[in-house]
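Inspection log for the structure reproduced underneath, given as structure tokens.
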Amino acid sequence: MKPNFFEDVYEVVKLIPPGRWTSYGAIAQYLGTRGSARMVGWAMNNAHALPEVPAHRVLNRHGQLTGKHHFGTSGQMQALLEIEGLQIQEDRVVDAQMYYWDPGRELI
DNA sequence: ACACTGACCACTG
DNA sequence: CCAGTGGCCAGTG
């Protein structure tokens, strides 16, 4: 039995607008637990199999593409983000705070 | 049941 | 900026 946690994570990730990104911690915080940021990452591991979940829009708190290694080919994650208008430099989003999307703040 | 790991985060020094 | 520590929850051997 998988916890609703997963479903909730997927829902939030699906709601992330194109050209925006959010962090594992932000999602975890939105769901009520701060430490569960790890679980979010773990949930994404499952999520990456689902085409409906844009996992490439979920980065760590620095806007760094920590999970790029999990995308089949290297550069895939960056490419997807750049297509949506984000600028990536050194595996990091340029002007990250400018494109940051907080589920608890803008989704409310 | 125990130990270790993980796409993390915050605090401290 | 880097290293260490604690927290959080679930999976695996």
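Sequence lines set the chain letters: A, B, ... in the order given, protein chains first and strands last, and positions in each chain run from 1.
No engagement by A/His69 is indicated, since no non-hydrogen atom pair under 4.0 Å with the nucleic acid exists. As judged by a 4.0 angstrom heavy-atom cut-off over every strand, A/Asn60 is placed among residues touching the sugar-phosphate backbone only. Counting any heavy atom pair closer than 4.0 Å across all strands shown, A/Ala55 reaches a base atom.
With both pairing distances under 3.5 Å, C/dG4 is matched to B/dC11 as a Watson-Crick or G-U wobble pair.
To the nearest angstrom, P of B/dC8 lies 22 Å from OH of A/Tyr30. Between A/Phe5 atom CZ and C/dG11 atom C1' the separation is 15 Å, expressed in whole Å. The CG-P distance, from A/Leu59 to B/dC8, rounds to 11 Å in whole Å. Atom P of nucleotide B/dA7 and atom CG of A/Asn45 are separated by 7 Å, given to the nearest angstrom. For the pair A/Glu7 CD and C/dA10 P, the interatomic distance rounds to 15 Å; values are reported in whole Å. For the pair A/His70 NE2 and B/dT5 P, the computed distance is 16 Å after rounding to whole Å. One interatomic measurement links the two molecules: CD of A/Gln29 to C1' of B/dC9, which rounds to 10 Å at whole-angstrom precision. In this structure, A/Arg38 places its CZ atom 9 Å from P of B/dG6, rounding to the nearest Å.
Checked against A/Asp91 for a side-chain hydrogen bond (donor to acceptor under 3.5 Å, both in side chains), the options A/His62, A/Gln64, A/Lys68 give a single hit: A/Lys68.
Checking the phosphate oxygens (OP1, OP2) of B/dC8, no side-chain nitrogen or oxygen of A/Ser23 falls inside 4.0 Å.
A distance below 6.0 Å separates the ring centres of A/Phe6 and A/Trp42.
Under 3.5 Å, the side chain of A/Arg61 and the base of B/dC8 form no donor-acceptor pair of N or O atoms.
Nearest nucleotide to the side chain of A/Met39, out of C/dC9, B/dC8, B/dA7: C/dC9. Distances were taken from every side-chain heavy atom of A/Ala37 (C-beta onward) to each of B/dG6, B/dA7, B/dC9; the shortest belongs to B/dC9.
Residues A/Phe5 and A/Met39 form a side-chain contact, since some pair of their non-hydrogen atoms from C-beta on lies under 4.5 Å apart.
Listed by first then second residue, pairs satisfying salt bridge (charged side-chain N to carboxylate O under 4.0 Å, His left out) with a partner in residues 11-20 of chain A read A/Glu11-A/Lys14, A/Arg20-A/Glu106, not counting sequence neighbours.
The gap from the C1' atom of C/dG13 to that of B/dA7 amounts to 22 Å, rounded to the nearest Å. The P atoms of C/dA10 and B/dA1 are separated by 15 Å, rounded to the nearest whole Å.
A donor atom on one side chain and an acceptor atom on the other are found under 3.5 Å apart for A/His56 and A/Glu84.
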